[in-house]
Amino acid sequence: MNNLELSKLIFPNLEKSPADYEEMYPARELPEGAKVTRLGPSPTGFIHLGNLYGAFVDERLAHQSGGTFFLRIEDTDDKRFVENAVETIITSLDFFGIKFDEGVTETGDIGSYGDYTQSHRAEIYRTYAAELLSKGLAYPCFLSEDEITAVREKQESEKLTPGIYAGWSKYRDWDKDPAIEEEMLSKLKAGEPYVIRLKSQGTPNVRADEAVRHLVTDAVRGELSVPENFQDIVILKQTGIPTYHFAHVVDDHLMRTTHVVRGEEWLPSLPIHIELFNDLGWDIPVYCHTAQLMKIGEDGNKRKLSKRKDPELSLDYYRSQGYHPAAVREYLLTILNSNYEEWRAANPEASVDEFEFTTEKMSSSGALFDLDKLNDVSKGVMLNIPACEIAAWLKSWSEEFAPEYEYAFRDMALLEQILDIGRHDARPRADLVYARQIMDFISYFFDESFEIVDEYPAEAAEDADKILSAYLESYDHSDDNEQWFAKIRELATELGYAAKPKDYKKNPDDFKGHVGHVSTVIRIKLMGRAQSPDVWTIQQIMGEAKVRERLSK
RNA sequence: GGCCCCAUGGUCAAGUGGUUAAGACAUCGCCCUUUCACGGCGGUAACCCGGGUUCGAGUCCCGGUGGGGUCACCA
């Protein structure tokens with residue numbers, strides 16, 4: 001029996017040939033330089049900041065080059081499947097402004113390079129497995145789990161690289177030994193389970209400095225020299241479903257992906273993919289191995305974000321805290337491209353589309369996620385969003401994540417005024433960061449959440465009642481800011497406080513305190529806290545009735 | 001352990017053989033100021049180590065060290 005006959009024996013009824021698929025999925029007609037990228041999540045439905053970070057690279061690369069960005073579902077591991085995962089993936093990415101041109105959608109596939117769900121592509125993978133079989137570059141392997149374990153143990157004791165490769169699976173050499181051929185054939189006939197392995201042409205167990213190497217240009221890392229693969233990795237599992245390696249190569253070729261963006265954890269398996277591309281006679285796409293987002297682990301060292309250990313880094317965490325998607329996007333972009341922040345400072349209002357994102361400007365070392373920085377970036381982003389939009393966004397956030405704030409949205413015009421305090425001054429306030437923080441920041445406007453949290457300053461505590469009753473008595477809601485503050489000064493002076501803080505600092509013995517202490521008493525009575533934006537402005541928004549009510553309680 | 005990747009202040013990072021080694025965040029001080037925020041000024045703080053190449057090395061080469069990743073019929 002020869003290779004072709006074996007291939008036909010194993011895959012007797014293939015619908016199409018490799019040439020047919022080449023014809024079905026021709027090279028894309030796209031403008032010069034257009035990039036085709038893809039996101040290939042497994043359907044666990046869990047997406048964290050690190051995934052989003054990578055997704056932005058794909059999205060930017062495709063969309064700023066006039067290319068195509070598609071979604072492919074990599075569900076070759078049935079154990080990972082989670083109900084509604086695809087929908088979750090699409091909606092969470094959409095929330096952060098990541099939109100696909102092609103691939104899986106909630107209402108079916110879009111595009112002519114599908115099917116875009118790997119579990120639906122079994123026939124295609126079989127065809128290419130048959131192709132490798134017929135070229136003598138693959139073989140059926142009947143090794144059981146126990147046998148493989150025994151092989152590994154032997155290899156470990158002999159200090160050899162563990163794995164199945166030349167010399168360790170007898171089925172690899174079926175064509176050299178009639179006895180093995182016969183055994184293989186009878187197992188095949190008996191329907192015994194097997195996997196299809198690549199028959200790697202690499203040389204096993206050579207010293208690193210003597211190994212054959214492939215030179216690859218990675219778009220973010222530059223020149224890479226990787227040793228050739230020699231492992232007979234599984235390409236089709238017992239179930240007939242491909243492993244990631246095989247599916248990646250077949251799909252990205254057939255879907256005409258030009259740029260493969262993936263985390264650096266894939267770097268060690270790059271040699272496998274190179275061998276597979278070469279065996280099938282295909283061009284290798286441009287690889288972009290991105291550095292991973294890291295966080296500080298319990299031991300004080302950096303480590304890769306993990307979905308199991310870091311639930312607080314899930315996208316839902318940021319949504320439930322109420323970080324605006326634009327803020328998260330802006331932050332991710334600043335760590336994605338080193339010159340983005342500078343560009344943004346020079347072009348505060350420009351659309352991200354105007355920024356030229358490049359893989360060369362990406363860092364090849366993993367960045368530590370920095371919440372302080374996110375918060376800072378968010379302040380700036382919020383400042384550029386009109387109050388009416390923030391109000392509407394807060395409302396929908398509250399409906400989904402924090403219904404207890406319902407009272408704040410009964411009067412949207414009022415809410416807008418509150419949010420806009422000090423935002424149009426020459427030096428605008430930047431104190432809106434994320435929804436939960438904002439709700440706390442403005443809580444004193446609403447009786448439902450108003451509470452006295454600070455104590456009167458020691459300098460004026462004794463006179464608090466006097467200050468408050470005198471203030472209430474002289475209060476005129478129609479006073480402008482200047483008139484209003486002149487009255488406070490007057491009141492302070494009458495009670496023995498310095499009208500200017502400087503006077504008090506110079507001669508602390510001459511006064512009980514200064515006007516700041518007096519106004520703090522009023523601020524606490526009105527707002528419940530010693531710190532807030534301008535009192536007069538707040539009073540104007542609160543309205544006379546509420547001001548008088550709070551002062552007289 | 002083998003292999004692979006990475007290495008500039010606490011964090012993100014400019015820097016491509018000659019710089020007083022940028023900038024941002026954080027932090028500290030001062031100023032502005034009725035508080036806070038904003039803004040302004042200033043401070044503390046870095047090229048992992050050792051060899052080599054060179055007139056000259058953060059930058060190039062080699063070797064360590066450290067950190068990360070990976071060694072599945074998971075992706």
Side-chain angles (χ1 to χ4, degrees), chain A residues 40-42 44 74-80 118 141 143 145 148 152 156 159-163 193-197 205 207-208 211 218 221 224-227 231 233-239 241-245 247-248 262-271 289 291-292 294 296 301-304 331 334-335 338-339 341-342 344-345 363-377 379 383 421-423 425-432 441 454 457 485 488-489 492 497 499-502 514-520 522-524 527 529-536:
Chain A
S42 64
T44 56
E74 309 207 336
D75 55 348
T76 54
D77 180 12
D78 42 7
K79 290 183 280 294
R80 283 200 181 203
Q118 289 183 332
C141 179
L143 253 29
E145 220 171 292
I148 292 173
R152 195 182 51 243
E156 274 165 10
K159 299 234 191 303
L160 291 170
T161 309
Y194 63 92
V195 299
I196 304 288
R197 286 186 186 275
N205 289 313
R207 287 201 349 238
D218 185 286
R221 281 154 205 277
L224 245 34
S225 161
V226 298
Q231 294 275 354
I233 52 110
V234 171
I235 60 176
L236 287 189
K237 309 179 207 174
Q238 252 178 48
T239 52
I241 298 293
T243 54
Y244 168 86
H245 307 300
H248 152 55
R262 45 150 67 152
E264 63 184 335
E265 72 270 22
W266 288 108
L267 235 23
S269 49
L270 184 54
H289 287 101
Q292 296 290 49
M294 313 286 265
I296 293 285
N301 286 326
K302 274 190 186 184
R303 68 171 166 72
K304 176 184 155 188
Y331 170 68
T334 66
I335 53 177
S338 51
N339 52 335
E341 198 171 5
E342 208 175 307
R344 176 52 83 196
S363 172
S364 43
S365 60
L368 219 45
F369 175 76
D370 185 350
L371 191 63
D372 283 327
K373 188 72 180 182
L374 202 215
N375 286 337
D376 182 66
V377 167
K379 282 183 189 174
L383 204 47
I421 294 174
R423 300 210 322 151
D425 298 356
R427 293 202 307 245
R429 302 184 66 92
D431 31 29
L432 271 25
F441 186 69
D454 286 330
F485 194 61
I488 303 269
R489 283 220 157 100
Y497 293 82
K500 295 189 173 173
K502 272 186 182 162
H514 63 74
V515 66
H517 299 124
V518 174
S519 68
T520 297
I522 297 168
R523 193 184 301 273
I524 289 172
M527 270 71 90
R529 47 181 77 178
Q531 299 173 353
S532 81
D534 176 57
V535 173
W536 180 82

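Every chain is numbered from 1, with letters handed out A, B, ... down the list of sequences.
Pairing for B:C30 goes to B:G40, judged as Watson-Crick or G-U wobble with the two contacts each under 3.5 Å. Checking B:A22 for Watson-Crick or G-U wobble geometry (two distances, each under 3.5 Å) identifies no partner in any strand. With a cut-off of 3.5 Å on both Watson-Crick or G-U wobble distances, the partner of B:A14 is given as none. With a cut-off of 3.5 Å on both Watson-Crick or G-U wobble distances, the partner of B:A72 is given as none. If you check B:G9 for Watson-Crick or wobble pairing at under 3.5 angstrom, you find it has no partner at all. Nucleotide B:C47 forms a pair with no other nucleotide shown, judged by Watson-Crick or G-U wobble geometry with both contacts under 3.5 Å. Here B:U53 sits opposite no nucleotide as a Watson-Crick or G-U wobble pair (both hydrogen-bonding atom distances under 3.5 Å). As the counterpart of B:G58, no nucleotide is assigned, since no Watson-Crick or G-U wobble pattern has both distances under 3.5 Å.
Using a 4.0 Å heavy-atom distance criterion, A:R197 is classed as a sugar-phosphate-only contact. Residue-level contact check: A:S364 touches the backbone only, with heavy atoms under 4.0 Å from sugar-phosphate atoms and none from bases. Among the heavy atoms of the strands lying under 4.0 Å from A:P501 are primed sugar atoms or P, OP1, OP2 only; no base atom is included. Here A:V515 lies in heavy-atom contact (under 4.0 Å) with sugar-phosphate atoms only. Contacts of A:N375 with the nucleic acid, taken as non-hydrogen atoms under 4.0 Å apart, are absent. In this structure, A:T239 reaches neither bases nor backbone, as no heavy-atom distance under 4.0 Å exists between it and the strands shown. Residue A:T76 is in sugar-phosphate contact alone, with no base atom involved, counting any heavy-atom pair closer than 4.0 Å across all strands shown. Residue contacts shown for A:R489 are limited to sugar-phosphate atoms, with no base heavy atom under 4.0 Å away. Within the 4.0 angstrom heavy-atom criterion, no nucleotide atom of any strand lies near A:I524. Here A:A430 lies in heavy-atom contact (under 4.0 Å) with sugar-phosphate atoms only.
The side chain of A:S338 lies closest to B:A13 when the candidates are B:U11, B:A13, B:C36. Ranking B:A13, B:A24, B:C3 by closeness to the A:A367 side chain, first place goes to B:A13. Residue A:E265 places its side chain closer to B:G69 than to any other of B:C3, B:G69, B:C74.
Taking the ring centroids of A:H514 and A:H517, they lie under the 6.0 Å cut-off.
Annotation: B:G50 and B:U16 have their P atoms spaced 24 Å apart (nearest Å). Taking atom C1' on both B:C47 and B:U20, the two are 16 Å apart, rounded to the nearest angstrom. B:G17 sits 12 Å from B:C61 when the P atoms are compared, rounded to a whole Å. Across B:C48 and B:C6, the matching P atoms stand 15 Å from one another, rounded to whole Å. Of the P atoms belonging to B:G56 and B:G66, the separation is 31 Å, rounded to the nearest Å. Between B:A21 and B:G9, the two C1' atoms lie 11 Å apart (nearest whole Å). Remark: the separation of the C1' atoms in B:G58 and B:A22 is 14 Å, to the nearest Å. Comparing the C1' positions of B:G43 and B:A37 gives a spacing of 23 Å, expressed to the nearest Å.
Residue A:K379 places no side-chain N or O under 4.0 Å from the OP1 or OP2 atom of B:A24. Not one side-chain nitrogen or oxygen of A:T243 sits closer than 4.0 Å to the OP1 or OP2 atom of B:C74.
Among A:H289, A:R221, A:Q292, the single residue meeting the side-chain hydrogen bond (donor to acceptor under 3.5 Å, both in side chains) criterion with A:E264 is A:R221.
Comparing A:K502 and A:S532 by the nucleotide of RNA chain B whose heavy atom lies nearest to each, the residue mapping closer to the 5' end is A:K502. Between A:V195 and A:A499, the one whose closest nucleotide on RNA chain B sits nearer the 5' end is A:A499.
One cannot find a donor-acceptor pair under 3.5 Å joining the base of B:C6 and the side-chain atoms of A:R221. Below the 3.5 angstrom threshold, one finds a donor paired with an acceptor across the side chain of A:Q238 and the base of B:C73. One can find a donor-acceptor pair under 3.5 Å joining the base of B:C38 and the side-chain atoms of A:R427. The base of B:U34 is paired with the side chain of A:R523 by a donor and an acceptor separated by under 3.5 Å.
With hydrogens and angles ignored, the 3.5 Å screen pairs no side-chain donor or acceptor of A:R523 with any backbone N or O of A:D534.
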